[in-house]
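Letters A, B, ... are given to chains in the order of the sequence lines, protein chains preceding strands, and every chain is numbered from 1. No hydrogens, no waters, no symmetry mates; every other heavy atom, side chains included, goes into these values.
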Amino acid sequence: MNESLNTAAQRAAAIRKVVRAIKRGNFASYGEVARRAGLPGRARLVGQVLREAGDDRRLPWHRVTGSGGRIAFPAGSRGAREQLRRLGREGVQSRGQRVLAKPQASSARTLDALLWKI
DNA sequence: CGGGTGACAACGT
DNA sequence: AACGTTGCCACCC
């Protein structure tokens, strides 16, 4: 089931697939995307693939960040503003060059309430 | 084969 | 939190 990933094209395809799987309002780091694609330690390759993809609408590139939610583009650059704008539209909060993890309002009690329909 | 590069990560200061 | 270093790895001369 694990694709071969022997060729550059296969690796790129695997990476794009993982990026497409990131849902609205969520984000993942380059390193995380690489791991999910079966390519641990190859975060830079993810950046390379996204750069090649350019403005492909099928790819939610804005949902990929540096480690810890850091925006990889230079602060204030076109890319950084665009990425933050798109993430903001999806409800992702940010503080400067960093996007914040989705607030986990689910305390154990609240989770129980959801699960047990209390 | 060798050196430079980069939408990176982890760690230290 | 913001940089600087170092380790990485795929690509491209």
Side-chain angles (χ1 to χ4, degrees):
Chain A
M1 39 189 308
N2 188 8
E3 287 128 275
S4 7
L5 304 178
N6 290 324
T7 73
Q10 290 173 325
R11 291 191 290 268
I15 287 170
R16 285 191 295 265
K17 183 174 177 180
V18 169
V19 173
R20 283 195 304 269
I22 305 174
K23 297 174 186 174
R24 266 184 64 92
N26 287 105
F27 59 92
S29 72
Y30 292 91
E32 177 61 20
V33 169
R35 282 190 294 278
R36 290 183 193 173
L39 298 164
R42 291 177 220 193
R44 307 193 84 129
L45 182 58
V46 174
Q48 183 181 315
V49 169
L50 292 185
R51 177 162 46 76
E52 287 170 5
D55 54 359
D56 188 339
R57 312 281 185 221
R58 307 297 156 198
L59 268 178
W61 59 268
H62 59 287
R63 295 179 191 151
V64 183
T65 73
S67 65
R70 199 189 67 264
I71 298 301
F73 292 109
S77 67
R78 176 78 191 293
R81 292 200 313 274
E82 180 63 11
Q83 184 168 17
L84 286 171
R85 186 178 69 77
R86 293 190 185 195
L87 285 171
R89 273 202 218 161
E90 299 185 355
V92 177
Q93 301 291 4
S94 61
R95 210 176 49 198
Q97 275 292 101
R98 164 163 289 147
V99 294
L100 309 175
K102 199 179 299 186
Q104 292 286 346
S106 57
S107 67
R109 185 179 299 283
T110 302
L111 180 55
D112 282 344
L114 290 172
L115 292 174
W116 298 99
K117 299 186 173 61
I118 296 174

Tell me, please, which residues at least two apart from [X] pass side-chain contact (heavy atoms from CB on, under 4.5 Å).
X	result
A:R98	A:R70, A:L100
A:A80	A:I71, A:F73, A:S77, A:Q97
A:R42	A:R11, A:L39, A:L45
A:S94	A:L84, A:V99

DNA chain C contacts made by residues 66-75 of chain A, counting heavy atoms under 4.0 Å:
none

Which residues satisfy the side-chain hydrogen bond (donor to acceptor under 3.5 Å, both in side chains) test with [X], sequence neighbours excluded?
X	value
A:R16	none
A:R86	A:E82
A:D56	none
A:R63	A:E90

Looking at every strand, decide which applies to A:R95 at a 4.0 Å heavy-atom threshold: base, sugar-phosphate, or nothing.
sugar-phosphate

Measure CG/A:L87 against C1'/B:dA7 and give the value in whole Å, please.
13 Å

Sort me out a list of protein N/O and nucleotides 9-13 of chain C N/O pairs below 3.5 Å, or just none if empty.
residue: C:dA10; atom: OP1; partner: A:R42; partner atom: NE; Å: 3.4
residue: C:dA10; atom: OP1; partner: A:R42; partner atom: NH1; Å: 2.6

What residues form a salt bridge (Lys or Arg N to Asp or Glu O under 4.0 Å) with A:R44, not counting sequence neighbours?
none

What protein N or O atoms touch nucleotides 2-5 of chain C N or O atoms at under 3.5 angstrom, if any, and at what distances?
none

Nearest 0.5 Å, what's the CZ-CG distance between A:R57 and A:L59?
12.0 Å

OP1 or OP2 of B:dA9 less than 4.0 angstrom from a side-chain nitrogen or oxygen of A:S29, does that happen here?
yes

